[in-house]
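Positions are given from 1, in the same order as the sequence printed here. What you are looking at is a predicted structure, and each value in this text was computed from that prediction instead of being measured.
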Amino acid sequence: MKVLAAAAVAIVALGSMAACGDDKGDEPGSTSSGSTKKNVKVGLAFDIGGRGDKSFNDSAAAGLDRVKTDLNLEVKDLAAVAGETENDKYSRLKLLCTTGYNPVIAVGFVYDGADSKNGPLAKAAKDCPNTKFAIVDGGTAADNVADLVFAEEQGSFLVGAAAALKTKTGTVGFIGGCQVDLIKKFEVGFAAGAKAAKADVKVLTNYLSTPAEACKGFNDPAGGKTAATGMYDQKADIIYAAAGGSGTGVFEAAKAKNALAIGVDSDQYNTVTDASLKTVIMTSMLKRVDNAVFNFVKDFADEKFKAGPTVFDLKSDGVGYATSGGQVDDIKTKLDEFKADIVSGKTTVPTK
């Protein structure tokens, strides 16, 4: 009987070992969701200004940091260099995909290049057909590219309305980092919102650079300060800066002129380095690049990659406005009414 009992114990033990041995779902190469995530290495290429711009790139960086902490994935980011060529951008993306990073995220329309069909991302996607790419604010059409785009005009409409409701001089301003179609969406939305809130408001406009100048206006705080100072001298008392790292210069000008400014992409009241500038940041147009980056990677890891455009708008909280600092608390009800009208389709915000 003792022998039979021992044999039974041995059989049970072997069965348990076999069961453990079959539990290979988490081994490298397995198709289970958990192990798929273990094998994911995420590469990200920044736009002009890179990590630390307190705006567009930093929003993307926040999404990548969440990928690392929340999804426990290996990540790598590479910075853009001022004045670089399209070939430099292509080489950055190619380096990521050929060194095992998949997916690879390109931050900014600059990775589309002058011709999205033959630009930096299009070439990299063709050379690395087994790599999945995403581009923030881009329009590269390929089976292995996801375009993460935003309804910037909708968020800009709301901060434009806020500017018109708060101006004391009847004049507000817009400063764009580069004269391209994407940034014109910010301008047009801002002006439409301002006019909707106050029909006779005056809107001044200035762009810091052009594509021919490699859009250097996204990383030119001195230029932003000079442009903003000129607008404040023309009686503008609130300026919306859709200019990346140049926004810091706009905030400095606002402080010097005892005026107000509106940030962009991130909640710049909370990200600005100089705490003394917080008081001039009335609100910020929020562009949730962080959520777009994080959700794209999560979907990829869950084998839910989708090529083509995904639009982040007011309805999906892809854009919005910040309330940090409390300077728009008194008009929040009105701003939320504008938002509801846009979400319902009652109001259509122009893009051109």
Side-chain angles (χ1 to χ4, degrees), residues 49 52-59 152 155-178 183 186-187 189-191 193-195 197-198 201-209 216-287 320-332 335:
D53 71 347
K54 309 301 179 185
S55 184
F56 178 63
N57 285 289
D58 272 357
S59 186
E152 295 94 351
S156 296
F157 183 101
L158 296 182
V159 298
L165 291 170
K166 299 291 276 190
T167 182
K168 296 178 180 178
T169 64
T171 300
V172 299
F174 172 85
I175 293 178
C178 190
I183 304 305
F186 289 79
E187 176 199 347
F190 176 75
K195 295 291 185 180
K198 188 175 293 185
V201 71
K202 184 177 181 179
V203 182
L204 306 177
T205 299
N206 195 345
Y207 283 88
L208 302 179
S209 65
K216 65 180 183 180
F218 287 119
N219 193 29
D220 182 12
K225 186 173 184 178
T226 298
T229 299
M231 283 189 176
Y232 290 129
D233 286 342
Q234 294 178 68
K235 299 190 182 301
D237 58 349
I238 303 171
I239 294 175
Y240 175 33
S246 300
T248 300
V250 176
F251 301 152
E252 291 172 351
K255 181 181 178 183
K257 292 291 185 177
N258 194 29
L260 294 173
I262 296 172
V264 73
D265 296 333
S266 299
D267 183 350
Q268 294 195 280
Y269 180 91
N270 291 324
T271 64
V272 69
T273 303
D274 183 350
S276 70
L277 298 178
K278 286 179 177 285
T279 57
V280 307
I281 302 175
M282 186 181 83
T283 183
S284 294
M285 194 285 278
L286 300 178
K287 181 174 173 179
Y321 70 95
T323 58
S324 299
Q327 295 198 57
V328 294
D329 286 354
D330 58 328
I331 59 171
K332 188 176 184 304
L335 296 181

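The backbone N or O of Ile183 lies less than 3.5 Å from no partner atom in the side chain of Glu187, so there is not a single donor-acceptor pair. A donor-acceptor pair under 3.5 Å is absent between the side-chain atoms of Asp53 and the main chain of Gly244, judged by distance alone. The main-chain N or O of Gly245 is never found under 3.5 Å from a side-chain atom of Ser55 such that the two would form a donor-acceptor pair. No side-chain donor-acceptor contact under 3.5 Å links Ser156 to the backbone of Gly189. In terms of modelled atom types and a separation under 3.5 Å, the side chain of Thr229 and the main chain of Lys225 share a donor-acceptor contact.
Remark: of the listed residues Asn270, Val159, Asp267, Asp267 is the sole one forming a side-chain contact (heavy atoms from CB on, under 4.5 Å) with Ser284.
Aromatic ring pairs are classed by plane angle as parallel below 30°, tilted from 30° to 60° and perpendicular above 60°; the pair Phe174 and Tyr240 is perpendicular.
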- I would like to know whether Lys287 and Val264 meet side chain to side chain contact (heavy atoms under 4.5 Å, CB included); could you show each step before the answer? CA-CA 7 Å; Lys287 181 174 173 179; Val264 73; over 6 Å; no

- Item | Derivation and outcome, side chain to side chain donor-acceptor pair (under 3.5 Å), residues Ser59 and Asp265 | CA-CA 7 Å; Ser59 186; Asp265 296 333; over 6 Å; no

- Taking it one step at a time, do Ser246 and Asp220 satisfy side chain to side chain donor-acceptor pair (under 3.5 Å)? CA-CA 5 Å; Ser246 300; Asp220 182 12; 5.6 Å; no

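Nearest heavy atom pair, residue Met231 against residue Gly173, reads SD-CA, 3.8 Å. Ala243 and Leu208 make their closest contact through CB-CD1, 4.1 Å (heavy atoms, listed as atom of the first residue, atom of the second, distance). Closest approach of Ser209 to Gly177, counting heavy atoms only: OG-O, 2.7 Å. Across all their heavy atoms, Ile238 and Thr167 have their closest contact at CD1-N, 3.7 Å. Here the closest non-hydrogen pair linking Ala322 and Val328 is O-CG2, 3.8 Å.
In this structure Lys332 satisfies the salt bridge (charged side-chain N to carboxylate O under 4.0 Å, His left out) test together with Asp336, sequence neighbours excluded. Under the rule for a salt bridge (charged side-chain N to carboxylate O under 4.0 Å, His left out), the partners of Asp330 that lie at least two apart in sequence or sit in another chain are Lys166. Applying the side-chain contact (heavy atoms from CB on, under 4.5 Å) criterion to Ala241, with sequence neighbours excluded, gives Val250. Residues passing the side-chain contact (heavy atoms from CB on, under 4.5 Å) test with Thr171 are Thr169, Lys202, Leu204, Ala236, sequence neighbours excluded. Not a single salt bridge (charged side-chain N to carboxylate O under 4.0 Å, His left out) links Lys198 to another residue, sequence neighbours left out.
Around the NZ atom of Lys195, the shell of radius 6.0 Å holds more than 12 heavy atoms that belong to other residues, nucleotides or ligands.
Using a 4.5 Å heavy-atom threshold, the side chains of Leu335 and Leu165 count as touching. Between Met285 and Leu158, the closest side-chain pair of non-hydrogen atoms is not below 4.5 Å. At least one side-chain heavy atom of Ile281 sits less than 4.5 Å from a side-chain heavy atom of Val272. Looking at heavy atoms from C-beta onward, Gln327 lies out of side-chain contact with Thr283 at the 4.5 angstrom threshold.
Atom CG of Asn206 is separated from atom CD1 of Ile239 by 9.0 Å, given to the nearest 0.5 angstrom. Of the inter-residue distances, the one linking Leu286 atom CG with Gln268 atom CD reads 10.0 Å to the nearest 0.5 angstrom.
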Name every donor-acceptor pair, under 3.5 Å, that has one atom in a side chain of residues 251-262 and the other anywhere in the protein, sequence neighbours excluded.
| residue | atom | partner | partner atom | Å |
| --- | --- | --- | --- | --- |
| Lys255 | NZ | Ser276 | OG | 2.8 |
| Lys257 | NZ | Asp233 | OD1 | 2.7 |

